[in-house]
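Report on the structure given below.
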2 protein chains.
Amino acid sequence: MPEGNAAAVLDRVGGKWSVTILLIVCQEPHRFTELEHVVEGISRRMLALTLRALERDGLITRTVHPSIPVRVEYSATAIALELRESLRTLADWALRHRAAIAEARTAYDDRATARPDRESATAPGPDGRRITSAS
Amino acid sequence: MPEGNAAAVLDRVGGKWSVTILLIVCQEPHRFTELEHVVEGISRRMLALTLRALERDGLITRTVHPSIPVRVEYSATAIALELRESLRTLADWALRHRAAIAEARTAYDDRATARPDRESATAPGPDGRRITSAS
DNA sequence: CTGTATCCCATCCGATACTG
DNA sequence: CAGTATCGGATGGGATACAG
């Protein structure tokens with residue numbers, strides 16, 4: 001019966017970068033700039049925003065060491081560490097089926113564009129924004 | 001090293017309703033209208049869109065039974081069934097820490113609004129849209 | 001080094017109406 | 001029953017510039 005609340009999981013994990021950062025920080029504490037480099041692809045803005053959100057939810061802790069260039073470390077809380085295994089499992093799954101999913105997408109898209117009798121290949125798409133990213 | 005790809009997990013699970021629907025369909029096949037009722041809160045549009053996306057990724061199968069009112073069933077594929085346990089674990093985690101997280105949020109928000117010396121309580125917020133939902 | 005402020009476009013998603 | 005078409009508001013998220 002907990003189905004109705006299943007969405008709650010993703011509310012806390014629903015950002016583009018949350019899981020990635022959580023996974024990294026669960027292994028060991030990292031500084032801001034370290035994360036910026038390790039995550040790779042993330043903007044400074046999104047890193048800050050994501051860290052804020054995770055901190056707000058009590059999943060990570062922000063510690064400021066008053067050095068001369070300030071030094072800030074982010075570490076996972078106990079509550080977040082409980083997630084570690086499931087998150088890794090999820091990531092492994094994604095890795096394992098990476099190819100299969102890409103294939104499924106291509107097949108689906110081919111079927112979609114090949115079927116219509118009287119539609120040009122350059123279908124402008126109505127409002128049907130793909131719910132997941134392309135490619 | 002698989003960190004960089006961790007985001008891929010959520011690409012396939014990144015919708016507001018994907019996990020919920022996946023979890024339901026993993027238990028047993030459901031019809032469109034059944035899902036519409038069970039999920040509760042989802043619009044017809046989003047149900048259709050989410051189902052399309054999951055089907056495209058090869059996570060669910062759409063089967064049309066040519067009855068007199070048409071009957072369409074959605075069921076999980078083998079690949080999706082592998083996710084079932086981790087997803088349940090995740091959902092359980094969310095349920096267990098529901099209260100703690102809500103508390104952490106309130107505490108965080110209180111600290112944020114109580115601290116500033118010279119800022120009105122009705123801060124309009126610059127562009128800082130919360131990365132996760134409020135409440 | 002560690003962020004925050006803006007601008008701004010892309011996408012999400014709900015409400016509503018129409019169809020085979 | 002099982003969708004699709006459109007409009008429109010709310011966020012997400014990148015680029016860039018500025019600040020403690």
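None of these values were measured; they are calculated from a predicted model. Residue numbers begin at 1 in each chain, while the letters A, B, ... track the order of the sequences.
- The shortest distance between the side-chain N/O atoms of B:Lys16 and the OP1/OP2 oxygens of C:dG14 is below 4.0 Å.
- Across A:Ile79 and B:Ala100, no two heavy atoms sit closer than the pair CD1-CB, 4.0 Å.
- Using a cut-off of 4.0 Å between Lys/Arg side-chain N and Asp/Glu carboxylate O, A:Glu85 and A:Arg88 are scored as not salt-bridged.
- A:Ile60 and A:Leu81 sit in two unconnected hydrophobic clusters of ILVMFWY residues. Membership requires side-chain heavy atoms under 4.5 Å apart, directly or through other members.
- With sequence neighbours left out, B:Glu103 forms a salt bridge (Lys or Arg N to Asp or Glu O under 4.0 Å) with no residue at all.
- Note: CD (A:Glu36) to C1' (D:dT16) measures 14 Å, nearest angstrom.
- Look at CZ on A:Arg45: it is 10 Å from C1' on D:dT11, rounded to the nearest Å.
- If you measure from atom CG of B:Leu47 to atom P of D:dT4, you get 10 Å, rounded to the nearest angstrom.
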Check the interface with nucleotides 1-3 of chain D: list each N/O to N/O pair with the protein under 3.5 Å, or write none.
from: D:dC1; atom 1: O3'; to: B:Arg31; atom 2: NH2; distance (Å): 2.9
from: D:dC1; atom 1: O3'; to: B:Val70; atom 2: O; distance (Å): 3.4
from: D:dA2; atom 1: OP1; to: B:Arg31; atom 2: NE; distance (Å): 3.1
from: D:dA2; atom 1: OP1; to: B:Arg31; atom 2: NH2; distance (Å): 3.1
from: D:dA2; atom 1: OP1; to: B:Val72; atom 2: N; distance (Å): 3.3
from: D:dA2; atom 1: OP2; to: B:Thr33; atom 2: N; distance (Å): 3.1
from: D:dA2; atom 1: OP2; to: B:Thr33; atom 2: OG1; distance (Å): 2.5
from: D:dG3; atom 1: OP1; to: B:Arg62; atom 2: NH1; distance (Å): 2.2
from: D:dG3; atom 1: OP2; to: B:Tyr74; atom 2: OH; distance (Å): 2.5
from: D:dG3; atom 1: N7; to: B:Arg44; atom 2: NE; distance (Å): 3.4

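- Here the P atom of nucleotide D:dG13 and the CH2 atom of A:Trp17 are 9 Å apart, to the nearest Å.
- With sequence neighbours excluded, the residues that form a salt bridge (Lys or Arg N to Asp or Glu O under 4.0 Å) with B:Arg44 are B:Glu36.
- Summarising the geometry, the separation between CG on A:Leu49 and P on D:dA15 is reported as 15 Å, rounded to the nearest angstrom.
- Atom-to-atom, CE of B:Met46 to C1' of C:dT16 comes out at 16 Å; the value is rounded to the nearest Å.
- When all heavy atoms of A:Pro29 and A:Glu34 are compared, the closest pair comes out as O-OE1, 4.3 Å.
- Rounded to a whole Å, the CD atom of B:Glu55 is 10 Å from the P atom of D:dT4.
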